[in-house]
Amino acid sequence: LTSETTAYETNAACEVAVLGGGPAGIAAAERAVGLGAEVCLVRPPVRRGSGIVPGGILRSAFADAVGPGGRGGYGVPSGTLADLRFDELRDRADRVVQQDAASADEGLRSRGITIVDGLARFDTPHMLTISDGVTTRVLRARRVIIAVGAIPRRPADVGFDGRSIVATDDLLSLGELPALLTIVGAGAVGLEYASLFAALGARVTLVEQAPSIRSFADRSVLDALLAHLASLDVEVRASTHAVSAQRDAYGTTFTHLDGQPPIASRGVIWAAGMQAATSGLDLAAAGVEVDTHGRIAVDSRYRTSNAAIFAAGGVVNGWTVASESARSGRAAASAALDQEPDERGWPIAHALHTIPEIASVGPTRSDLERDGTPFVRGIATAQSVLAAQIHGEPKSVLELFASPSTRTLLAAHAFGTRSIETIHFAQLAISTEISIDALATFPFNHPTFSEAYHVAARDAISRLPASG
Ligand SMILES: Cc1cc2nc3c(=O)[nH]c(=O)nc-3n(C[C@H](O)[C@H](O)[C@H](O)COP(=O)(O)OP(=O)(O)OC[C@H]3O[C@@H](n4cnc5c(N)ncnc54)[C@H](O)[C@@H]3O)c2cc1C
């Protein structure tokens, strides 16, 4: 130990050290303590939150301004670009992040988990240096679970200024809502922000280097979103590779493209990929290897190349939903303590927080066709769901896939208001093998968005040969 380093005596015997206090780290710590281990959770003293809270705040403010269904529905936007106060949204996001962090800390402490403030770095596989900017401490652990997440890629040639050229984690630092906006990357976050900003009247150009837009959701649902974006004048430029972005002295931003003229606008959101947040960890000192994308390489039980060290969440997966990260955290903790995972393989529901939103659980049509899985398809459109019409949403769609032999649900894909909430019916129905016959007669309240499940299940049943 050096003179500036004090032994962290209370944690000298820490059995499991979890690095990172996001969904993966919290779930890992809770599972490990539940298995009887002494657990320390190391996380930064100042919590900034991931993109979830700022994205959620922005979405909620935009949805309030444009009403359910968004611009392009029957409704008339009640807000305008000028009404949006980014400084207020920033304050609100900060408050929510701090509140959420305080409540997470309380939960962790009440379960007997020791919280260690600071950033961790490996000295050896079992010894970590924790620095909070003022004090440096040493923490020893028998097992380590790395859950430090992923951060947006920030290419050196992009002139991020935190005001008009921003990455997805500093979106709320935008000075004002740009009337002309370029978004680089049509992944989940790029699509979300294209929809949000276009809903409030910004002219959005969405640049994607792949030849087409892809998503976890079924093609027909994704196409419904893309048609909606087109109706909001979002210009999607596929097969277009953005290499850099700069702002000139007059506030115009230029997104430079490979082999094409630059795109001029008044703001750029660079949403092209995430990278594992491992730069400060000194993984080499721990003998932990990364894959070709810089993510920590793990086996099916989240064990790294060092048998005493595990990794979970964004640091392994890049971008995924928080529930998937939490699940991997729990699984990593089980493996670290030589226990079986604590849950069956619940299907994960994926979501795009667009306006209106996309939600999806289970395979897509092309997955089913590729695997040779027989299926029957049922559809509900807004025209057959009273709540969708009442709320002024003409474009929503719910698509169900069921097994023709067992009549149980295989998958659901939805585009429409509240679909992120109602997808949980499908998630539960798939997990508990509920039949489309049960869904078709389930006593949903009327009029509700949930009734789309009723309609789609009936549609699927009508396509099956009559039984008896
Ligand atoms: C813009 C955006 C919007 C998103 N919106 C959603 C959404 O609406 N819903 C959803 O489900 N998912 C969303 N996601 C994805 C979600 O954020 C991730 O799936 C999830 O946060 C990953 O969890 P994690 O615990 O692996 O990492 P994180 O949540 O990133 O947590 C990692 C933590 O580790 C800390 N850390 C880093 N280095 C160290 C170190 N050396 N020592 C100690 N601690 C360290 C970090 O500060 C961070 O607090 C969004 C992502 C982005 C970028």
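Just follow the structure's listing: the first ligand is 1, and inside any ligand the first atom is 1. Heavy-atom basis, side chains included; hydrogens, waters and symmetry copies ignored.
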So do the side chains of Gln275 and Arg295 get within less than 4.5 Å of each other, counting heavy atoms only?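 The answer is no, as the side chains (C-beta and beyond) never meet within the 4.5 Å cut-off.
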Is there a donor in the side chain of [X] and an acceptor in the side chain of [Y], or the other way round, less than 3.5 Å apart?
| X | Y | result |
| --- | --- | --- |
| Arg92 | Ser60 | yes |
| Glu192 | Thr354 | no |
| Thr364 | Asp367 | yes |
| Ser265 | Thr182 | yes |
| Ser360 | His350 | no |
| Asp218 | Ser220 | yes |
| Arg31 | Ser334 | yes |

Give the ring-plane orientation class for Phe415 versus His228, where under 30° counts as parallel, over 60° as perpendicular and anything between as tilted.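 Tilted: the ring planes of Phe415 and His228 meet at 30° to 60°.
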Any idea how Phe449 and His391 line up, ring-wise: parallel (<30°), tilted (30 to 60°), or perpendicular (>60°)?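 Phe449 and His391: tilted rings.
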Should you measure from each heavy atom of [X], which atoms of ligand 1 turn up under 4.0 Å away?
| X | answer |
| --- | --- |
| Gly313 | 26 (O) |
| Gly21 | 33 (C), 34 (O) |
| Val42 | 43 (C), 44 (N) |
| Leu281 | 41 (N) |
| Gly314 | 26 (O) |
| Pro44 | 35 (C), 44 (N), 47 (O) |

Based purely on interatomic distance, does [X] place a nitrogen or oxygen under 3.5 Å from a nitrogen or oxygen of ligand 1?
| X | answer |
| --- | --- |
| Pro23 | yes |
| Leu119 | no |
| Ala24 | yes |
| Thr320 | yes |

Between Glu208 and Arg237, is the closest basic N to carboxylate O distance under 4.0 Å?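 Answer for the salt bridge query: no.
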When you measure from the heavy atoms of [X] to every atom of ligand 1, does any distance fall below 4.0 Å?
| X | result |
| --- | --- |
| Ala147 | yes |
| Gly56 | no |
| Gly280 | no |

Considering only heavy atoms, which of Thr168, Asn317, Val148, Leu352 lies nearest to atom 46 (C) of ligand 1?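 It is Val148 that holds the nearest heavy atom.
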Under 4.0 Å, heavy atoms only, figure out whether ligand 1 is touched by the backbone of [X], its side chain, both or neither.
| X | value |
| --- | --- |
| Asp169 | neither |
| His353 | side chain |
| Met274 | side chain |

